[in-house]
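Convention: sequence-line order gives letters A, B, ...; per-chain numbering from 1. Only heavy atoms go into these numbers, but all of them, side chains included; no hydrogens, no water, no symmetry mates. The model shown is predicted, which means the values in this text are computed figures rather than measured ones.
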There are 2 protein chains.
Amino acid sequence: MYKIGELAKACDINNDTLRFYEKNALLCPSTRSESGYRLYTEKDKETLQFILRAKGVGFTLAEIRELLSIEVNKADSACADVKTLVDSKLNDVETKLAELIRFQTSLKRLSNACCGGAESAEHCTILEALESDTNDVRHEHKLNDKES
Amino acid sequence: MYKIGELAKACDINNDTLRFYEKNALLCPSTRSESGYRLYTEKDKETLQFILRAKGVGFTLAEIRELLSIEVNKADSACADVKTLVDSKLNDVETKLAELIRFQTSLKRLSNACCGGAESAEHCTILEALESDTNDVRHEHKLNDKES
DNA sequence: CTTGACCTGTGACTTAGGTCGAAGGTTTAT
DNA sequence: ATAAACCTTCGACCTAAGTCACAGGTCAAG
Ligand SMILES: [Zn+2]
Ligand SMILES: [Zn+2]
Ligand SMILES: [Zn+2]
Ligand SMILES: [Zn+2]
């Protein structure tokens, strides 16, 4: 059982953020102590970590709430509903994934095209590499322009 | 050459967003007409599409500005600087990618575990599937609890 | 010659996701 | 018994990324 400050510290967030998540129905502590202290279980902590990961991946709190609500309301919902929601989120994730891979490819191409040396990057064609979906680019520095 | 309204419409954003991007050094129209109208080239449009894609993938405008500034300042920067920035962004992208793949895996597992039928989803263990990094889960609906 | 699209500048407002402080009160640890 | 951590409510404030509107003015097309 974690008290609010303990959980917050463990997950590197603010106490107020935990209260905020509670008010916004994202994470309620499983119990309270006799004196009213919030007490979070290990499972609560995992849920929090799930929330933080989901956020990191670009889900809004509303979307995360939706995902979490499946768990809460599952007795009241049909498998069909659950699957529909999950498949829709899966779809979102896969769309993002495709974009990210496109970025990764572009950035890799760019990194490969750039020699990383101390010379002027004038020949580095970032946007070309970032925007084109086509072939590789590689720049060359002339060794001695002056003496041509 | 696109006028502001044309580009905005073509990319399904607000005119004011384009002015906002201009004020925030993300996208300046290549030229102006004699009368002062913003005129965007095809290349400007591509840059805009890059911005929109980058945003969609979770980059902040500040990060996008950094990426774009490479192009603008490349004569003034060394390949080493360019490569450092690019590799750092690449790193960010790969971190996100890893998280997203984790999500994809979880959601897929969940989707597979759920029969999608009209029955109560009581046996659907979302969080288990979402949080565990372990094995597959599959639920079974008893055919007739009453008559047991 | 009027209408709609554009220009400028200014400032208010919005949503999401917090963060902080104050006021006033309890609990827990040392 | 005192300090640190917790509780509550309440409201102010913050950033990011816009959006909207107003005022006063120019421009282009039918
Ligand atoms: Zn280079
Ligand atoms: Zn180089
Ligand atoms: Zn199910
Ligand atoms: Zn089922």
[N] phosphate, OP1 or OP2, under 4.0 Å from [X] side-chain N/O:
X	N	answer
A:Arg38	C:dT27	no
A:Tyr21	C:dG18	yes
A:Ser35	D:dC7	no
B:Arg32	C:dT8	yes
B:Arg19	C:dC6	no
B:Lys55	D:dG18	yes
A:Thr17	C:dT19	yes

d([atom1], [X]; [atom2], [N]) in whole Å:
X	N	atom1	atom2	result
A:Lys3	D:dC7	NZ	P	9 Å
B:Tyr37	C:dA5	OH	P	10 Å
B:Asp16	C:dC7	CG	P	10 Å
A:Leu18	C:dG17	CG	P	16 Å
B:Ile51	D:dA16	CD1	C1'	16 Å
B:Asn15	D:dC20	CG	C1'	12 Å
B:Asp12	D:dG18	CG	P	13 Å
A:Leu7	D:dC7	CG	P	11 Å

Shortest side-chain distance from B:Phe20, nucleotide among C:dG17, D:dG18, C:dC6: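 For the B:Phe20 side chain, the nearest candidate turns out to be D:dG18.
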Heavy atoms from other residues, nucleotides or ligands near NZ of B:Lys108 exceed 12 (cutoff 6.0 Å):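 Not buried by this count: 12 neighbours or fewer within 6.0 Å.
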Rounded distance (nearest 0.5 Å) linking atom CG of A:Asn91 with atom NZ of A:Lys89: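 If I round to the nearest 0.5 Å, the distance is 10.5 Å.
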Aromatic contact, A:Tyr37 with A:Tyr2 (centres under 6.0 Å):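 Here the rings of A:Tyr2 and A:Tyr37 have centres that are no less than 6.0 Å from each other.
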B:Met1 to B:Leu39 - nearest heavy-atom pair and separation: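 The answer is SD-CB, 4.2 Å.
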Residues A:Asp81 and A:Thr84: side-chain donor-acceptor under 3.5 angstrom: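 Judged by distance alone, the side chains do not pair up.
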Which residue lies more 5' along DNA chain D, comparing A:Glu6 with A:Lys23 via nearest heavy atoms: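 Taking each residue's closest nucleotide, the earlier one in sequence belongs to A:Glu6.
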Closest-nucleotide ordering on DNA chain C, the 5'-leading residue of A:Ser33 and A:Asn14: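 Checking each residue's closest nucleotide, the 5'-ward one belongs to A:Asn14.
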